[in-house]
Amino acid sequence: MALMNGEQYRDSLRKMKPLVYFLGERLTNPVDHPMVIPSQNAVAMTYDLAHDPQYEDLMTVTSSLTGGKINRFGHIYQSIDDMVKKVKMARLVGQKTCTCFQRCPTMDTANSLFIVTKEMDKKLGTHYHERFLKFMREVQEKDYYVGVAMTDVKGDRSLRPHEQADPDLYLHVVEERKEGIVVRGAKANQTGSINCHYTFVAPTAAMKKEDRDYAVAFAVPTDSEGMIHIYGRNPGDTRKMEKGTVDLGNARFSSQETLLVFDNVFVPWERVFLFKEVEFAGQIPFLFGANHRQTYGGCKAGVSDVLIGAVKLLAEYNGLDKIPHIRDKIIDMVRLTETIYSCGLATAVEGEKTPAGSYFINQLLGNVCKLNVAALPFEMARLAVDITGGVLGTMVSEKDLKSPEVGKYVEKYFKGLPEVPTEHKMRLIYLIQNLLFGVNSVGYMVESVHGAGPPAAQKSSLYRLVNFEQKKNLAKNIAGIE
Ligand SMILES: Cc1cc2nc3c(=O)[nH]c(=O)nc-3n(C[C@H](O)[C@H](O)[C@H](O)COP(=O)(O)OP(=O)(O)OC[C@H]3O[C@@H](n4cnc5c(N)ncnc54)[C@H](O)[C@@H]3O)c2cc1C
């Protein structure tokens, strides 16, 4: 099925049996659990929008591998336009869900592995590229969502993988068999790990020859034997299990992150894309990082659009809309949002064709994009807190609003404009709270800093990518230094 819709996607997950734990207990039917449903709704949006004629050009594309019409989330870039559309698509889905919709690692990792496997085969005479293409054809034809597991738990961060007191603190190969390999370890902060059909697994950083066993990349089904998904907590997450929708702010959509344990997981050779070739291990996270950092210029702009809309509406409901400093702050939020979006677009426009035959983003600009994403949402959050007022942290509950005893006081004393129901104000306040301090603050605030690596990783990538020689020569030329 080349293009699933949201319901078909949910059904496809129901056929899988991942081992999932939440609050210390096993979830026997995670697909239909109230903690999980909003996160699946967010992914389902990427499937439903592909069927909306209005977004057909953005959400779907003709595959370079199968020749069929596929969801853009599984596409290998064939042009600059593909990379521009990726950012626009990410902004659109961010606007529709106001959360991390999780699916972008499929294209961000696939486009990196496409290049690295091709280069490995050319230099080493291996056959990884054909293996990878075979897998990607299946991903595209079946419309799979493939997550990515790169971030090892890392133990003592000052030590290399092989130096750790416990060898499993970085995922590594523990057995080599005729049919495949067995791996052990764990990956932290795994987005959508039980919402995806497959997971790409790759090293978190460059490896040295002593770390050979840690230099491994592959794809595995989400419900592989030995894979254990331990569901991470979001602030205020148990509100999802309460009745009512107001206090959640965004009742329909959320992200999903887990600690993903690989307890002796078998991987057949046909799904292995790197095996102990240490010199190529760092290239996968390096290229993925830059590519994923660009995507944030789209998705975080989309989420910021919802924040701006909420703040503007609330200002109107409170009779603040015409006050100059409020307008000024809202316009600043627009400027910050369009700045990160511009970075995402520029990263695409300055991309180019690679020796592997696909296109790739401009890595330098991708890193600049993410550094802005790691900072600007926090400035927007400060402005939103300012405009919203103290109720952002002190609002009473939906139960109070609906209480026969105190409901009338809530209705009366939280009123803004007389014609606007108090519930509408409460819904906006809780939406802003959800994004800045609640369930979706993980996707908007924490992920903006740490997703695709922390800011220090972007700076070290930039240091490698910047052509300082050219800049020094420019200065010498102007200063008159021979
Ligand atoms: C919401 C969210 C979703 C995510 N989704 C995914 C996903 O789907 N897949 C995935 O693979 N990863 C994912 N990540 C993980 C993300 O890439 C990591 O959080 C990030 O790389 C930072 O790693 P860490 O969390 O282990 O923090 P740490 O590595 O502990 O970093 C903490 C601080 O220590 C610094 N530091 C750490 N080690 C060193 C060192 N050796 N030298 C100097 N400074 C150091 C860092 O720069 C940072 O300032 C996600 C993260 C978040 C927050």
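Basis for what follows: all heavy atoms, side chains included, without hydrogens, waters or symmetry-related copies. When a ligand or atom number is given, it counts from 1 through the structure's own listing order.
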- Task: Answer with yes or no after comparing the ring centroid distance for Phe273 and Phe280 against a 6.0 Å cut-off, counting only values under it.
- Result: no
- Query: What are the atoms of ligand 1, with element, lying closer than 4.0 Å to any heavy atom of Ala456?
  - Reply: 47 (O)
- Note on the structure: ligand 1 to Val442, heavy atom cutoff 4.0 Å, flagged ligand atoms 1 (C)
- Might you check, step by step, whether the distance between atom 29 (O) of ligand 1 and some protein heavy atom is under 4.0 Å? yes
- Message: Looking at ligand 1, is there an atom of it that comes within less than 4.0 Å of some heavy atom belonging to Ser158?
- Response: no
- Message: I need the atoms of ligand 1 closer than 4.0 Å to a non-hydrogen atom of Ala149, numbered in the order shown.
- Response: 11 (O)
- Is the count of non-hydrogen atoms from other residues, nucleotides or ligands lying under 6.0 Å from Arg464 atom CZ greater than 12? no
- Heavy-atom protein neighbour under 4.0 angstrom from atom 33 (C) of ligand 1: no
- Message: The test is ring pair (Phe, Tyr, Trp, His ring centres under 6.0 Å); show your working for Tyr198 and Phe135 and say whether it passes.
- Response: CA-CA 10 Å; Tyr198 269 84; Phe135 175 63; 5.0 Å; yes
- Task: Nearest heavy atom to atom 7 (C) of ligand 1 wins, so pick from Thr258, Asn189, Val446.
- Result: Asn189
- Say whether, by atom type as modelled, one donor and one acceptor occur between the side chain of Gln256 and the main chain of Ile194 under 3.5 angstrom. yes
- Message: Tell me whether Tyr296 contacts the main-chain N or O of Asn372 through its side chain, where contact means a donor paired with an acceptor under 3.5 Å.
- Response: no
- State whether any protein heavy atom lies less than 4.0 Å from atom 53 (C) of ligand 1. yes
- Query: Between Glu379 and Arg382, is there a salt bridge with N-O shorter than 4.0 Å?
  - Reply: yes
